[in-house]
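A short write-up of the structure that comes next.
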Amino acid sequence: MCWSAKADLVAGAAVAAVGVACVARARRRTDLPLAALPLLLGAHQIVESAVWDADGGSGPATLAWAVIAMPLLAVWVPVGAWCAASRRARTRLSVFVVIGVATAAALGHALATHSVTAEIRGHTLGYVVRLPTPNW
């Protein structure tokens, strides 16, 4: 969501509140990673409000936004689904965990070695991540 810092802050707080309710209602410990996903997404929105307040750029808020959006979510979603799944389904879901970990490793390396910037474009934020491209 990109309209303003205030909109991102309000939306982030609302989504995080849903996350608190989901975590509180989780029946099993293995459901917690998936139940906590709205907490992570709410934090992501709140971090984006900090990017707005910094007028974009390449500061810590922009990097935190990219770390959540790219490597962290790439691992969190498949691991959360794997944890919540039945033992029988975990075998099939393991391939997505492996793909998520590999993706997160590549994206994490790219974020550690390349810059990420945010640009305010009217009522939206544009993120520019300078990822290397293979020479094929």
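The basis for the numbers below is simple: all heavy atoms, side chains too, and nothing from hydrogens, waters or symmetry mates.
In the hydrophobic cluster analysis, where Ile, Leu, Val, Met, Phe, Trp and Tyr join through side-chain heavy atoms closer than 4.5 angstrom, Val15 is grouped together with Leu72. Hydrophobic clustering (side-chain heavy atoms under 4.5 Å, transitive across Ile, Leu, Val, Met, Phe, Trp, Tyr) keeps Leu34 apart from Val97. Hydrophobic clustering (side-chain heavy atoms under 4.5 Å, transitive across Ile, Leu, Val, Met, Phe, Trp, Tyr) keeps Leu40 apart from Val18. Using a 4.5 Å cut-off between side-chain heavy atoms of Ile, Leu, Val, Met, Phe, Trp and Tyr, with links allowed through other members, Val77 and Val95 fall into different hydrophobic clusters. Val10 and Leu39 end up in different hydrophobic clusters when Ile, Leu, Val, Met, Phe, Trp and Tyr side chains are linked at under 4.5 Å.
Closest non-hydrogen pair, Leu111 versus Pro71, comes out as CD1-CD, 3.7 Å. The two residues Thr103 and Ala74 come nearest to each other via the heavy atoms CG2-CB, 4.1 Å. Shown here for Thr117 and Thr62, the closest heavy-atom pair between the two residues is C-CG2, 3.8 Å. Across all non-hydrogen atoms, the minimal contact from Ala36 to Val23 is CA-CG2, 3.8 Å. Taking all atoms of both residues into account, the shortest heavy-atom contact from Ala84 to Arg28 is O-NH2, 2.9 Å. Ala5 approaches Asp53 most closely through the heavy-atom pair CB-OD1, 3.4 Å.
Here ring-ring contact (aromatic ring centres under 6.0 Å, His included) pairs that include residues 60-110, with residues two or more places apart or in two chains, are His44-Trp65, Trp65-Tyr127.
At most 12 heavy atoms of other shown residues, nucleotides or ligands fall within 6.0 angstrom of atom CZ in Arg88.
Side-chain atoms of Arg25 never come within 3.5 Å of backbone atoms of Ala35 as a donor-acceptor pair (strictly under, hydrogens ignored). Between the side chain of Ser58 and the backbone N or O of Val116, no donor-acceptor pair lies under 3.5 Å.
Looking at heavy atoms from C-beta onward, Leu93 lies out of side-chain contact with Pro78 at the 4.5 angstrom threshold. Glu119 has its side chain within reach of Val128: a pair of non-hydrogen atoms, C-beta onward, lies under 4.5 Å apart. Looking at Ile46 and Asp8, their side chains never come closer than 4.5 Å, going by heavy atoms from C-beta outward. Residues Leu41 and Leu73 are in side-chain contact: their nearest non-hydrogen atoms beyond the backbone lie under 4.5 Å apart.
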- Task: Dump the intermediate steps for side-chain contact (heavy atoms from CB on, under 4.5 Å) on Leu125 and Glu48, then the final yes or no.
- Result: CA-CA 9 Å; Leu125 282 172; Glu48 189 167 68; 3.5 Å; yes

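Arg92 pairs by the side chain to side chain donor-acceptor pair (under 3.5 Å) definition with nothing, not counting sequence neighbours.
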